[in-house]
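For reference, the structure discussed in these notes is given below.
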Amino acid sequence: MNIERLRPIDEWSWSLPKAPEETRGEVRLYAGRELIEHMDDKVLEQITNVAKLPGLVGAAMTMPDAHWGYGFPIGGVAAFDPEAGGIISAGGVGFDISCGIRCLRTTLAAADIAPVARALADSLFANIPAGVGEEGSLRLAPRELDDVLTGGARWAVGEGYGTEADLEFVEEHGCMAGAKPEHVSDLAKKRQRGEMGTLGSGNHYLEVQVVDRIHDAEAARAFGLAEGQVVVSIHCGSRGLGHQIGTDYLVSLAKGAARLGISLPDRELACAPIRSPEGQQYIGAMNAAMNCALANRQILAELTRRVFRHFFPGASLETLFDVSHNTCKPETHTVNGRPRLLYVHRKGATRAFGPGHPSLPARYRPVGQPVIIGGSMGTGSYVLAGTAESENRAFSSASHGAGRAMSRNQALRHWRGRELIDELAGRGILIRTKSMRGAAEEAPGAYKDVDLVAEATEKAGLARRVAFLRPRLCVKG
DNA sequence: ATGTTC
């Protein structure tokens, strides 16, 4: 992207000075110069389109890891007021509804896992179903699947996956209100019946990591993190169900937009007013998909514990936090000094509530919400904490990952999966996957530099760095 | 992301 097109607000925030007339708010990009210069022009085009949608409040924004997506950029944040004709867009949530990361802190040290690393990697690979269309050991009857869609992680705990103690540390306490299974198609439900407790493919993973560096001692203490400690991060979402809901509702939201005379700057931005039948049906289905994803990560956390228990009977794996990064949620935000209920789209962006937010567990309330930036395969991830400034800057949002720097097809031309895996093994990082193609697509070089993303996230005031996690073992979808 | 192009 030609940075000359942007006006610097400061070193880490940029605004589009000559936005088209139809925009209803500022177009703002959060990132450092280097990240902006390497960003696809499509990011600016797409977020400018988002700024044209009805009922936008404040700025349409991108996070430092932003890249080209379907309609909305991935790393896009935009809030809409339902009382001002505000819209909901399936492209603003993403196909993998409620994709997110569950982070578990363990009582193990790096030295504990070193002697069994290969066996542990093999056992995780054998017991965590991963890959396209891969099914798990659960087969749910239609009524049971409806219970998943209304119960979320709470349902999974009731089925013996994990404990009540996990739920305090899951967004929405594990259960998103307002789920309407009746607005989820039979096809979406059918696709999901065998896919609960599966990781999926693409950028999804289960990683065993070691805390490599502490940036903020006070927050690390609150999060229960210390240097040398083993943690496990699980990145996955709502699998076939969320994808099918996205596909179904692109059609019905486009009809809603046409029916109500909303002109779409891009057909990929199919949307309908929040206060419309089409909008309400999508919201009900999206909330159901959110519960599907929360239940899925709850099951996977328990499957992980069972594997660890076999190797380390005395170890415990507690949920540090579970946060989604493909959502649209109703939240109260202060705009010009006045609290307003807004629907905040975060597509490839993490909610990042600051210190004192009432929805946070008491343990974290003094330091802010844990924010997880999942790195690319073999590079590293960050745990951050929400800040007070993020509320004014980005409706309390932050980055979600390293962010792609190259398309999957481009990556396939540059790398071979087997060579990458061997090279990573040489550096002590064990990858387990069924798909060599997938591994090539996920080459670390096809992603942005996660250190730059985390630095920009902090410097832009979106969240502050707490700990850097270095990968050891990785099960890839 | 995705029964990886209805």
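Scope of the values below: all heavy atoms of this structure, side chains included, with no hydrogens, waters or symmetry mates.
As judged by a 4.0 angstrom heavy-atom cut-off over every strand, A:R437 is placed among residues making no nucleic acid contact. A:G202 comes within 4.0 angstrom of sugar-phosphate atoms only, judged by non-hydrogen atoms across all strands, and of no base. Counting any heavy atom pair closer than 4.0 Å across all strands shown, A:L187 reaches a base atom. Nucleic acid contact class of A:E135 (heavy atoms, under 4.0 Å, all strands): none. Using a 4.0 Å heavy-atom criterion, one finds that A:G438 contacts no nucleic acid atom at all.
One atom, NZ of A:K434, and another, P of B:dT2, lie 13 Å apart when rounded to the nearest Å. Following rounding to the nearest Å, A:D248 (CG) and B:dT2 (C1') show an atom-to-atom distance of 13 Å. Atoms CZ (A:R239) and P (B:dT2) sit 5 Å apart, rounded to a whole Å. Note: CD1 (A:I97) to C1' (B:dT2) measures 12 Å, nearest angstrom. Note: NE2 (A:H243) to P (B:dT4) measures 9 Å, nearest angstrom. Remark: C1' of B:dT2 and NE2 of A:H204 are 10 Å apart, rounded to the nearest angstrom. Taking atom CG of residue A:D96 and atom P of nucleotide B:dT4, one finds them 15 Å apart after rounding to whole Å. If you take CD of A:E195 and C1' of B:dT4, they are 13 Å apart, rounded to a whole angstrom.
Aromatic pair A:H235/A:H325: ring centres closer than 6.0 Å.
Residues A:R102 and A:T319 bring a donor and an acceptor atom of their side chains to less than 3.5 Å of each other.
Of all the heavy atoms in A:E195 and A:E134, the pair that sits closest is CG-O, 3.9 Å.
For A:H183, the ring-ring contact (aromatic ring centres under 6.0 Å, His included) test picks out no residue, with sequence neighbours left out. Every residue meeting the ring-ring contact (aromatic ring centres under 6.0 Å, His included) condition with A:F72, not counting sequence neighbours, appears here in chain and number order: A:H345.
One finds a side-chain N or O of A:S201 lying less than 4.0 angstrom from the OP1 or OP2 phosphate oxygen of B:dT2. Using a 4.0 Å cut-off, no side-chain N or O of A:R408 falls inside it from OP1 or OP2 of B:dT4.
In terms of position along DNA chain B, the nucleotide closest to A:R404 lies nearer the 5' end than the nucleotide closest to the other residue of the pair A:V132 and A:R404.
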